Amino acid sequence: MLRKLVLCCLYGGIVFAASPKTPEEAFMKGIVNGHIGAFFQQSTKQDPTYGDLNMSLGYNSQRFMGYKVGAEVWLVPKLYEANKNDFERAQNIFVFSKLYGDFYNEYEKFGITLGRYEINEEWMTHNTEGLSVTYDKLDNISLAFVWAFRNAYVKNYYLSDGFRKMFDWSGSLLLRADIQIPNAPLKIEPYLYIAPGFFISPGIKLKLHLPLKQGIYFDSHIHLLSYVPSEKYYKVSSSSGLVWIEGLMGWNGFEGGVGLVSVGGGVGVNRIDSFGQHTPFERTVGVFYGNAVTVYGFASTKIMDYVSLYGAIRGTFIDKKNILNWEARINFDIYKGVELGLGLLGMSNQTEAIGYFNGTKNYIMGRGFIQYSF
């Protein structure tokens, strides 16, 4: 016991000694990162076809008394476009993708982030503009609150056309708890997602991670969601919901899985994914429409730490019509910090479902990028 106490004191002393002693030191010891690269998109239909250069520069300070700040800016000059305004339809030349302040009390396990920052919550992904609060001091329970106003789709090589406002000025709000069942590979995540003036949606997600023999593991989740639409906005009073089941097997860098999403009638769970989602697909046209049933499969693998492969395919069925959507990607880590990526995305849509930003219903889209990150 005495040995553990001494080691804890020594470790705490080292951490304290290494921590910045002044705000100036916290800024001086901050981390600078970024990238420079090129991105190309070629579409067979009316979706944008263009090429751009893209550069990002980011900075994150060290913590001082629990506080830190960060920023990231993207500069995306146009190389070419196939048709007038193709580039403007997809990109902004200059965007602050991050600009935030962050506080974390390591003793009370309480944190707050304000501004533009990365997020990975249920129905909120990529970069958001808003406020997040977390509390993790309770045994086996983590609590979170998010108030999001706008959202941007940001990948390491691509940034969509800036931060989009998808709801009213009040944005959307998320209350979430993570409950880890002691001595069991099961986590329960109840939440309440609200977009004032649009919908109220309580949900619960059960997540299972089951390690098996010889490095094999099984992951699955069951996601149940109730959806109460705003009668004023949708002109209907009937509620709906969603059942989502997914399972995957993994081994030695390979993962493969299947899933099913079933949505109730009426307006379905319309606009639930306005700020992001955790399906295996970039574009979820039709998945959350009323009476939609989606079956899908996906797989990914990494070969010798140099090549990454990913593929996914889904069929969405709405009122005896269907959507076939697929995507495939391959990434090469050419050299330290240098990455080359190629991808294809296709859709055949017989239904009336459309995406948030229109586009054509039937297309094949090719993408490619090369970048150096530092």
Side-chain angles (χ1 to χ4, degrees), residues 14-15 18-42 50-64 66-80 87 90-104 111 113-120 125-129 132 150-163 253 276 282 300-310 329-343 366-374:
I14 291 169
V15 172
S19 300
K21 297 180 176 60
T22 65
E24 293 79 4
E25 186 179 356
F27 277 99
M28 292 298 294
K29 289 185 176 181
I31 298 172
V32 176
N33 53 33
H35 86 277
I36 181 169
F39 174 81
F40 306 92
Q41 177 171 293
Q42 176 71 47
Y50 68 96
D52 66 52
L53 292 175
N54 50 81
M55 295 158 274
S56 70
L57 184 64
Y59 169 81
N60 294 281
S61 74
Q62 296 292 311
R63 288 195 185 276
F64 174 72
Y67 295 91
K68 66 177 289 188
V69 295
E72 182 183 73
V73 62
W74 278 62
L75 180 65
V76 188
K78 177 176 67 177
L79 285 177
Y80 71 90
F87 177 77
Q91 290 289 358
N92 278 353
I93 294 177
F94 182 85
V95 177
F96 268 101
S97 55
K98 296 178 187 176
L99 187 63
Y100 68 90
D102 180 276
F103 171 77
Y104 185 73
T113 306
L114 175 66
R116 290 184 173 182
Y117 52 93
E118 288 185 48
I119 194 169
N120 188 28
T125 60
H126 300 291
N127 286 32
T128 196
E129 182 181 275
S132 292
R150 296 194 293 175
N151 179 269
Y153 184 84
V154 182
K155 304 285 282 185
N156 63 311
Y157 57 88
Y158 172 80
L159 182 144
S160 63
D161 59 341
F163 282 77
E282 177 183 328
S300 66
T301 189
K302 195 161 188 176
I303 304 172
M304 298 177 61
D305 295 326
Y306 296 109
V307 181
S308 299
L309 299 168
Y310 177 81
R329 298 192 296 269
I330 181 169
N331 287 20
F332 302 91
D333 292 324
I334 301 172
Y335 188 68
K336 186 177 180 180
V338 180
E339 184 179 5
L340 171 68
L342 301 170
R367 290 172 172 170
F369 74 90
I370 186 168
Q371 70 169 33
Y372 168 70
S373 302
F374 57 89

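This is a predicted model, so every value here is computed, not measured. Side chains are part of it too, since the values below use all heavy atoms of this structure and drop only hydrogens, waters and symmetry mates.
Judged by a 6.0 Å distance limit and a 45° cone about the ring axis, Arg116 is not positioned over the six-membered ring of Phe96.
Judged by distance alone, with hydrogens and angles left aside, the side-chain atoms of Asn127 form a donor-acceptor pair with the main-chain N or O of Ser97 at under 3.5 Å. Distance alone, capped at 3.5 Å, places no donor-acceptor pair between the His126 side chain and the Ala152 backbone. Without hydrogens or angle criteria, Thr128 side chain to Arg150 main chain gives a donor-acceptor distance under 3.5 Å. Side chain of Ser61 to main chain of Val69: a donor-acceptor pair is present (N/O by atom type, distance under 3.5 Å, no hydrogens or angles). Side-chain atoms of Tyr59 come within 3.5 Å of backbone atoms of Phe27 as a donor-acceptor pair (strictly under, hydrogens ignored).
Not counting sequence neighbours, the partners of Lys78 by the salt bridge (Lys or Arg N to Asp or Glu O under 4.0 Å) test are Glu81. With sequence neighbours excluded, no residue forms a ring-ring contact (aromatic ring centres under 6.0 Å, His included) with Phe64. Scored by the side-chain contact (heavy atoms from CB on, under 4.5 Å) test, Asn60 finds Asn33, Lys68, Tyr100 as partners (sequence neighbours excluded). Among residues two or more places apart in sequence or in another chain, the side-chain contact (heavy atoms from CB on, under 4.5 Å) test is passed with Phe332 by Val307, Ile330, Ile334, Leu340. Partners of Asn156 under the side-chain hydrogen bond (donor to acceptor under 3.5 Å, both in side chains) rule, at least two apart in sequence or in another chain, are Glu339.
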Please list every donor-acceptor pair under 3.5 Å in which a side-chain atom of residues 366-374 meets a protein atom from a residue at least two apart or in another chain.
{"residue": "Arg367", "atom": "NE", "partner": "Gln41", "partner atom": "OE1", "Å": "3.0"}
{"residue": "Arg367", "atom": "NH1", "partner": "Glu282", "partner atom": "OE1", "Å": "2.7"}
{"residue": "Arg367", "atom": "NH1", "partner": "Glu282", "partner atom": "OE2", "Å": "3.0"}
{"residue": "Arg367", "atom": "NH2", "partner": "Gln41", "partner atom": "OE1", "Å": "3.4"}
{"residue": "Arg367", "atom": "NH2", "partner": "Glu282", "partner atom": "OE2", "Å": "3.1"}
{"residue": "Gln371", "atom": "NE2", "partner": "Ser373", "partner atom": "OG", "Å": "2.9"}

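Between Leu79 and Phe87 the shortest side-chain heavy-atom distance does not fall below 4.5 Å.
Using cut-offs of 30° and 60° for the angle between ring planes, the Phe39 and Tyr50 rings count as tilted.
From Lys29, atom NZ reaches atom OG of Ser19 across 8.5 Å, with rounding to the nearest 0.5 Å. Summarising the geometry, atom CD belonging to Gln62 is positioned 12.0 Å from atom CE belonging to Met28; distances are rounded to the nearest 0.5 Å. To the nearest 0.5 Å, the span separating CD1 on Ile93 from CG on Asp52 amounts to 10.0 Å.
Tyr67 OH: 12 or fewer foreign heavy atoms inside a 6.0 Å radius.
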